[in-house]
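First the proteins, then the strands, lettered A, B, ... as listed; each starts at 1.
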Number of protein chains: 2
Amino acid sequence: MTKYGQFCPVAKASEIFAERWTPLILRELLCGSHRFSELEHGLPKISRSLLAQRLRFLESAGLVERRVMPGSRSPEYHLTDAGQDLYDVVIRLGEWSHRWFNPLIDERDLDPQLLLWDMHRRLHKDCLPDRRVVVQFDFTGDLAGSYWLILEPEESSVCWDPPGFDVDLIVRADTLTMHRVWLGHQSFADALSKRLIELDGAQELARAFPDWLALSHFASVRGTYQAIPTARA
Amino acid sequence: MTKYGQFCPVAKASEIFAERWTPLILRELLCGSHRFSELEHGLPKISRSLLAQRLRFLESAGLVERRVMPGSRSPEYHLTDAGQDLYDVVIRLGEWSHRWFNPLIDERDLDPQLLLWDMHRRLHKDCLPDRRVVVQFDFTGDLAGSYWLILEPEESSVCWDPPGFDVDLIVRADTLTMHRVWLGHQSFADALSKRLIELDGAQELARAFPDWLALSHFASVRGTYQAIPTARA
DNA sequence: CAGTATCCGATGCGATACTG
DNA sequence: CAGTATCGCATCGGATACTG
């Protein structure tokens with residue numbers, strides 16, 4: 001780690017916080033990922049060695065605590081009070097980006113798999129039926145492909161390969177549109193009405209689906225771009 | 001610039017904000033430095049080429065505007081609205097560090113020259129006398145050396161070499177102590193009473209000195225370390 | 001599953017020299 | 001003063017293979 005050689009608190013904080021990948025690792029921990037493999041799912045492009053290195057550094061810096069649970073042999077990573085205290089910074093950083101830049105999603109940032117992973121963490125569990133429900137996502141357009149969300153009363157999971165179970169609901173969606181809806185740039189209802197998203201399954205499931213699906217934390221942040229005249233307004 | 005390949009607003013923001021040196025450059029701009037040379041003073045360890053590169057990138061990202069003033073030929077760098085909107089993030093980042101870590105100043109982060117530069121930006125101008133006052137700082141201990149603060153009604157400046165003017169006030173201070181006072185870890189009065197800081201000059205100037213000298217923005221932030229028992233408490 | 005060890009290539013960055 | 005251009009090294013980090 002290279003230092004800045006400045007006593008200024010902004011510099012000292014940046015030596016820890018502003019390293020590559022670190023804000024995203026903190027985001028993952030703040031969102032409730034604790035196991036190494038969970039962190040990897042939320043950070044698909046980080047290498048194992050680098051993730052391990054960063055976690056070690058964050059532990060030495062006092063932001064992260066590595067816990068080896070007596071029951072399982074999978075260690076868990078948890079934020080310390082100091083780490084948790086970065087919540088505001090991480091959130092405001094994201095909100096800032098969402099306010100000023102986000103309506104334009106770079107094609108290279110599309111990632112259906114990551115999208116599903118994010119979704120399965122924010123489901124409104126109390127709205128889910130009391131049995132297992134399997135939702136199949138058929139993405140069309142860029143990065144077309146199918147993924148499955150397995151919603152169980154206790155915990156839900158994501159599959160990239162067909163699970164053995166019967167599918168209860170199929171969501172056919174344009175890849176970019178699904179991202180836009182998730183980030184709040186387009187409403188679910190609007191995407192449905194334009195047939196950019198189509199639902200196929202039992203009526204009750206299809207009707208309830210938008211209720212289970214919580215959008216990104218940032219979806220509710222108003223962007224300044226809405227005030228910027230696009231063409232002769 | 002390497003990207004993260006994620007649509008998440010935290011990731012998109014980090015691609016801009018969390019690059020090396022960038023939070024410190026933003027801090028400088030937020031503190032009111034606008035010319036290239038001013039930025040260099042506040043970032044003594046950055047290389048010219050890197051500073052230029054970062055400024056170009058921040059301009060292309062829409063956070064910074066490069067203005068060539070008609071009167072002077074020195075261009076100025078100003079934050080756009082989007083850049084200014086990062087104020088909260090930068091401040092909270094610094095406050096976070098100050099809360100959890102800052103009482104222990106790393107010896108390698110001491111920098112009397114930077115300290116003086118920071119000071120001259122935060123002087124309480126309205127408390128200054130209506131004439132030029134020259135303050136000589138004699139740092140003792142680590143990094144001993146002398147520096148001069150030239151306080152003029154209109155603008156103040158820092159000298160690393162003896163200015164031609166007569167000295168009105170001498171501040172003899174232990175280097176680490178002066179840093180600690182600046183950051184709010186020790187009160188000016190306490191340092192004076194322990195003779196870690198000594199003032200030498202006309203009574204009125206010496207008495208008024210602590211009034212001119214505004215401390216760091218972060219000096220007023222309460223640290224959690226004060227609640228941590230050090231030894232058997 | 002949760003890492004570590006090693007290798008090697010890309011690039012980030014500092015140093016130096018030059019320019020209007 | 002406010003940069004740009006070039007060079008060369010150091011380190012960062014990805015890929016792969018290995019381990020308990």
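The phosphate of dA2(D) (OP1 or OP2) has a side-chain N or O of Ser37(B) nearer than 4.0 angstrom. Residue Arg48(A) has no polar side-chain atom (N or O) positioned under 4.0 Å from OP1 or OP2 of dT4(C). Between Tyr4(A) and dC13(C) there is no side-chain N or O to OP1 or OP2 distance below 4.0 Å.
Nucleotide dA2(C) holds its P atom 10 Å from the CG atom of Leu39(A), rounded to whole Å. In this structure, the NE2 atom of His34(B) is 13 Å from the P atom of dA2(D), given to the nearest Å. Between the CZ atom of Arg67(B) and the C1' atom of dA2(D) there is a distance of 18 Å, rounded to whole Å. The nearest whole Å value for the distance from the CE atom in Met69(B) to the P atom in dC1(D) is 18 Å. Between the C1' atom of dG12(C) and the CD atom of Gln53(B) lies a distance of 8 Å, rounded to the nearest Å. Following rounding to the nearest Å, Glu76(A) (CD) and dG3(C) (P) show an atom-to-atom distance of 11 Å. Computed from coordinates, the Phe36(B) CZ to dT4(D) P distance equals 7 Å when rounded to whole Å. Following rounding to the nearest Å, Leu51(B) (CG) and dA15(C) (C1') show an atom-to-atom distance of 16 Å.
Between His98(A) and His185(A), the ring center distance clears the sub-6.0 Å criterion.
The nucleotide whose nearest atom lies closest to any side-chain atom of Arg66(B) is, among dG14(D), dG3(C), dA2(D), dA2(D). Comparing dT4(C), dA2(C), dC1(D) by their closest approach to the side chain of Ser74(A) singles out dA2(C). Out of dG13(D), dA5(C), dT4(D), the shortest distance to the side chain of Arg54(A) is found at dG13(D). You'll find that the side chain of Ala52(B) is closest to dT4(D), out of dT4(D), dG3(C), dC1(C). Of the candidates dT4(C), dG13(D), dA2(D), dG13(D) carries the atom nearest the Arg20(A) side chain, counting heavy atoms from C-beta on. Here the side chain of Arg56(B) is nearest to one of dA2(D), dT4(D), dC12(D), namely dT4(D). Distances from the side chain of Leu50(A) to the nucleotides dC13(C), dG3(C), dG14(D) place dG14(D) closest. Closest to the side chain of Ser47(A), out of dG12(C), dG14(D), dT4(D), is dG14(D).
The pairing partner recorded for dT4(C) is dA17(D), the criterion being a Watson-Crick or G-U wobble arrangement whose two distances lie under 3.5 angstrom.
With 3.5 Å as the limit, one finds no donor-acceptor pair spanning the side chains of Gln136(B) and Arg172(B). Side chain to side chain, Arg121(A) and Ser33(A) meet the donor-acceptor criterion of an N or O pair below 3.5 Å. Ser146(A) and Asp138(A) share a donor-acceptor pair across their side chains, judged by distance under 3.5 Å alone.
Aromatic ring pairs are classed by plane angle as parallel below 30°, tilted from 30° to 60° and perpendicular above 60°; the pair His120(A) and Trp117(A) is tilted.
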